[in-house]
Structures are given as C-alpha cells and as structure tokens.
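Have a look at the structure below, then the notes.
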Amino acid sequence: MKSNIRVRFAPSPTGPLHIGGLRTALYNYLFAKKNNGVFILRIEDTDQSRYVNNAEEYITNALDWCNIPFDEGPGKNEKFGPYRQSERKELYKEYVNILIEKEKAYYAFDTPEELNAQRKQHEAVGKTFIYNWHNREKGRLKNSLVLTKEETKKKIDEGGNYVIRFKTPQDETLVLNDEIRGAISIDSNTLDDKVLFKSDGMPTYHLANIVDDHLMKISHVIRGEEWLPSMPLHVLLYNAFDWETPKFAHLPLILKPEGKGKLSKRDGDKLGFPVFPLAYTNQETGEVSSGYRESGYFSDAFINMLSLLGWNPGTEQELFDLEGLISTFDLSRVSKSGAKFSLDKTRWFNQQYLQKKTDDQLAKLYLPILKTKNIQGLPSINYIKSVVSLIKERAVFVKDFWSLSSYFFERPEEYNEKAVKKQWREGTSDLINELIIVLDSIDDFSSASVEKKTKNWISSKEIGFGKVMQPLRLAIVGEMKGPHLFDIIHMIGKEEAILRLKTIIKKLS
Ligand code: GLU
C-alpha cells in the first residue's frame with residue numbers, strides 16, 4: 001500500500017544533469033521507495049531565457065539509465081499534472097492574487113534604474129540596500145504599499161513592467177527545521193522581499209516551486225544545499241497561504257577531489273573524469289561533454305558510488321545493489337558536510353561490479369567489441385567466456401578487455417622490445433625449437449598436462465626455468481604479462497602455440 005510520502009525531483013532544464021543533481025534524484029528515489037511513497041519528476045522551466053530544449057530528455061534518459069524512473073511526471077501518471085511549470089502558468093497568477101488579497105504580497109513598479117540608484121545611495125553611506133520593511137513604506141520606492149489603490153490600478157492598467165513581491169514580516173525570529181541540519185533560526189529582518197511574479201505573466205522559481213509542492217502534495221522537499229537560503233522564504237510562503245509546510249532536507253554538496261568547493265565541470269575536464277551521467281552535446285556550441293555511461297561505467301556501480309557521496313549506512317558495508325540501498329537508506333544518516341568526489345573510488349566500484357558479473361554476462365558485453373577487431377573466425381561464446389574468466393580481475397571496464405586479452409584472439413604482431421633484449425639470448429632459438437618438438441608430442445593438451453610435460457623437459461635439461469618460460473611467454477603473448485601461461489597455451493591450442501613459437505624464431509633470429 002502506498003504511504004502518503006510524496007517527494008519530487010524538480011530540475012530546471014538548463015543543460016545536462018550534473019552528478020550532484022542526479023544524487024538529489026537518487027536520494028529522493030531511495031527515500032520514496034523505502035517509505036512506499038511516490039517519486040515525482042517536475043520540470044521547472046519558468047525561466048525561459050535559460051531553457052535548453054534537449055535538457056528534459058537528457059534528464060529522463062539519465063534517470064532511466066540509472067534505473068530510478070519517476071512514478072509521476074511528464075507523460076506518466078499525470079494525477080497532479082501538468083508536471084512542466086510552463087504548462088501551469090495560469091495557475092500561479094491565481095495564487096499570487098490570493099497573497100495580494102491577504103496583503104502578504106504587493107505590486108512594485110520600481111524600474112531597474114531606480115533600484116540601482118537606491119543601491120548606490122546606500123553604498124555611499126556604507127549600507128546595503130535591501131528591498132524589505134526597511135525601505136518599502138518610506139516613500140522612496142514605488143509600490144502598492146505607498147501608492148493609493150487607484151494609482152496602483154492605473155499603473156497596472158498602463159501595462160508597464162511591474163513585479164509582485166512577497167511582504168516579508170518584520171521582527172520575527174523564524175525557527176526552521178531541516179531533517180538533516182536540525183533547527184535553524186533566522187531573523188526575518190535580514191530577508192528581502194523576493195519577487196514572486198513578473199508582469200510577463202511568469203512566476204519566479206519561489207512561487208511556482210511552493211505552489212506546486214503544495215498542489216502535488218509533496219511531503220518532503222529533498223534538495224541540494226544551494227537551496228537552503230530559500231527555505232525561510234518558502235516556509236513564510238506556506239504560512240502566508242495557511243498551508244501545511246512539507247518537511248525539508250538539504251543535501252550536502254559534492255566537493256572537488258582536492259581543494260575546496262563544489263565539484264565543477266572544470267574539475268572533471270582538468271582531472272579527466274565526467275561530471276555528467278550521460279555524454280552531452282551542447283546544441284549551440286557543438287561541445288561534447290563526457291558521460292559515465294559512455295566512459296564504460298555500469299549504472300549500478302555508478303549509483304552505488306553516488307549513494308555514498310553524502311550518506312553512509314552506519315556500517316563498513318560499501319557495496320549495495322539498488323534493493324539494498326532502498327532498504328538501508330535513511331535521511332538521518334545523510335551528512336551535513338560536503339562529500340569529496342574520488343575518481344579512484346569511482347573506478348573501484350566499477351571494478352567490483354565487473355568482478356560480480358558472470359563470465360557469461362561479461363562475454364556478451366565483450367562480443368560487440370570483438371566484432372570490431374577483424375579477428376579471423378570469431379571464436380565461440382564459450383571460448384570468450386574462458387578468456388574473460390582469466391583476465392577479468394585485472395579489468396576496471398569491459399573496454400579494458402581487449403588490451404588484456406588480444407593475444408587470445410590474434411598472434412602477436414610484435415614483441416615488447418625491452419623484454420626481447422632481456423629474454424631472447426644466445427641459444428634461445430635452439431631451446432624454443434626443441435620445445436616445439438616437445439609440445440608437438442603432447443596428446444593431452446590441457447593446461448596441467450602441458451605444464452607438467454614442459455617443466456619435466458626443462459628439468460631434464462638442467463637449465464633455469466626462466467630460460468624457457470620467459471621467451472615462451474614472449475612468443476605467446478608478445479609481452480611479459482598475462483595470466484598463467486599454460487592456461488593461455490591450452491586455450492589457443494597446440495597448432496597455434498607451435499605457430500607462435502615458429503613465428504618468434506623467424507622474427508628474432
Ligand atoms: N528548480 C530547482 C533546481 O533547479 C529546484 C530546487 C528545489 O528542489 O526546490 O534545482
């Protein structure tokens with residue numbers, strides 16, 4: 001049964017979604033699912049000057065990739081819709097009028113030049129201009145609090161530019177409660193009379209946000225710390241309407257890996273990691289920003305990493321699938337202080353998730369890469385599975401597989417120069433020629449049997465193992481790396497192994 005927990009993710013479609021925004025969505029999702037509630041997507045697109053037309057699609061694609069789809073939102077279960085603020089324009093006017101009637105808001109006709117002049121005058125005497133009770137009724141400003149009803153009406157009818165401002169109460173101490181930060185006390189005299197509505201018919205973020213949260217029956221507002229300064233106004237607005245205030249939780253910032261401050265796209269560019277879940281092409285400039293998906297991250301690993309940037313389960317456990325996150329997530333364990341992003345940790349999560357996948361899953365993910373490689377006669381899925389099982393522990397991404405395993409699929413074209421210098425000496429060719437005969441005589445070509453026969457032969461010659469084993473690895477792999485050599489020899493088979501030995505002799509002698 002659904003509870004009455006309803007939370008929303010309310011991005012403005014101004015570009016791709018930063019991972020900080022995605023974490024806000026994730027915490028909302030986890031909180032909703034944990035409490036049998038509803039996760040809502042609302043598009044806050046009232047600022048048309050910042051609107052980017054592929055941004056909403058980007059946001060929903062990112063949520064889908066992360067497997068945290070919304071329950072209600074544009075085009076889906078539109079119970080309290082529309083869910084795009086630009087489609088709710090008419091509604092806000094109605095509500096701002098209620099505030100005017102209740103004398104909680106007023107018209108202001110000051111031009112930008114007049115406001116600037118006020119600012120300058122205040123600065124000249126070492127003060128800061130705040131549009132609130134300090135000034136609003138002193139006759140210096142042009143608003144409906146000082147003009148007569150008739151004058152106000154006339155100004156509105158003339159059709160000039162005006163705004164509607166909130167009338168912040170004077171001399172009140174507001175005690176706000178944040179689920180993460182506890183009680184916060186604010187002196188109402190420090191708040192300015194924010195603009196709620198503009199004469200172009202558009203509400204500002206503040207009005208639209210709280211009207212929608214109220215109408216959409218939002219129980220908890222879970223959002224980034226950058227909105228904490230707006231909380232006093234929002235609570236005052238709820239009070240002004242006589243509406244029940246939702247609970248608020250302001251999430252800590254995601255910080256740069258080193259130094260101070262919020263993780264920015266610039267940090268990502270500089271240090272070489274994405275700050276967006278999906279790659280994004282700026283339609284105006286053509287600039288492409290990298291994404292976690294395109295960089296080869298698994299979405300579940302990415303989500304796991306993100307979940308722990310600002311929250312902890314209270315135990316040492318770090319690996320959680322989505323179900324585990326839902327059952328463990330708790331707002332009270334979200335920290336107040338910022339969480340540092342770490343690329344190493346992010347890669348570690350991906351590596352852990354990669355190791356947890358079955359060889360069958362990994363082989364299927366590897367297959368499309370192999371198909372691009374011009375391999376003669378693509379091997380069977382079972383062969384690919386065996387390859388993957390031998391090399392996966394060294395991989396962070398599926399895209400690492402090729403460089404770790406190309407020699408399972410094609411003969412080395414060249415040999416590591418340093419290794420050749422060190423390992424290919426006088427007499428090596430003769431030894432390898434003899435080894436060819438030994439290998440050729442082996443019927444049971446399993447890894448263990450080839451290993452035993454080869455080592456017996458080396459022992460019988462009373463020479464160091466390295467003298468044969470190192471050049472042998474060089475011939476088979478091309479480098480001094482890779483898993484257990486006899487496993488590789490078994491995999492590629494007798495004929496191919498001998499061919500590689502003949503090839504290296506030809507190339508290096
Ligand atoms: N539209 C705001 C944003 O872009 C939403 C803030 C809120 O959740 O109240 O983040």
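Only this structure's heavy atoms are used, side chains among them; waters, hydrogens and symmetry mates stay out. Read the numbers this way: they start at 1 and go in the same order the structure lists the ligands and their atoms.
Shown here for E318 and L308, the closest heavy-atom pair between the two residues is O-CD1, 3.5 Å. The nearest pair of heavy atoms linking F401 to A395 is CE1-CB, 3.5 Å.
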Pairs under 3.5 angstrom only: tabulate donor-acceptor contacts from the side chains of residues 266-276 to other protein residues two or more places apart or in another chain.
{"residue": "D267", "atom": "OD1", "partner": "K256", "partner atom": "NZ", "Å": "3.1"}
{"residue": "D267", "atom": "OD2", "partner": "K256", "partner atom": "NZ", "Å": "3.1"}
{"residue": "D267", "atom": "OD2", "partner": "S264", "partner atom": "N", "Å": "2.7"}
{"residue": "D267", "atom": "OD2", "partner": "S264", "partner atom": "OG", "Å": "3.1"}
{"residue": "D269", "atom": "OD2", "partner": "K265", "partner atom": "NZ", "Å": "3.1"}

Identify each donor-acceptor pair in which a side-chain atom of residues 227-235 lies under 3.5 Å from a protein atom, sequence neighbours left out, and give them as a table.
{"residue": "H234", "atom": "ND1", "partner": "R223", "partner atom": "NH1", "Å": "3.4"}
{"residue": "H234", "atom": "ND1", "partner": "R223", "partner atom": "NH2", "Å": "3.3"}
{"residue": "H234", "atom": "NE2", "partner": "H206", "partner atom": "ND1", "Å": "3.0"}

Where does ligand 1 get N/O contacts under 3.5 Å from the protein, atom by atom?
{"residue": "ligand 1", "atom": "1 (N)", "partner": "A10", "partner atom": "O", "Å": "2.8"}
{"residue": "ligand 1", "atom": "1 (N)", "partner": "S12", "partner atom": "OG", "Å": "3.1"}
{"residue": "ligand 1", "atom": "1 (N)", "partner": "E44", "partner atom": "OE1", "Å": "2.6"}
{"residue": "ligand 1", "atom": "4 (O)", "partner": "S12", "partner atom": "N", "Å": "3.3"}
{"residue": "ligand 1", "atom": "4 (O)", "partner": "S12", "partner atom": "OG", "Å": "3.1"}
{"residue": "ligand 1", "atom": "8 (O)", "partner": "R8", "partner atom": "NH1", "Å": "2.7"}
{"residue": "ligand 1", "atom": "8 (O)", "partner": "R8", "partner atom": "NH2", "Å": "3.4"}
{"residue": "ligand 1", "atom": "9 (O)", "partner": "R8", "partner atom": "NH2", "Å": "2.9"}
{"residue": "ligand 1", "atom": "9 (O)", "partner": "Y205", "partner atom": "OH", "Å": "2.8"}
{"residue": "ligand 1", "atom": "9 (O)", "partner": "N209", "partner atom": "ND2", "Å": "3.0"}
{"residue": "ligand 1", "atom": "9 (O)", "partner": "R223", "partner atom": "NH1", "Å": "2.8"}
{"residue": "ligand 1", "atom": "10 (O)", "partner": "W227", "partner atom": "NE1", "Å": "3.4"}

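Applying the side-chain hydrogen bond (donor to acceptor under 3.5 Å, both in side chains) test to every pair with at least one member in residues 294-310, sequence neighbours left out, gives these pairs: N304-Y353.
Using a cutoff of 4.0 Å between basic side-chain nitrogens and carboxylate oxygens, D110 and R140 are not scored as salt-bridged.
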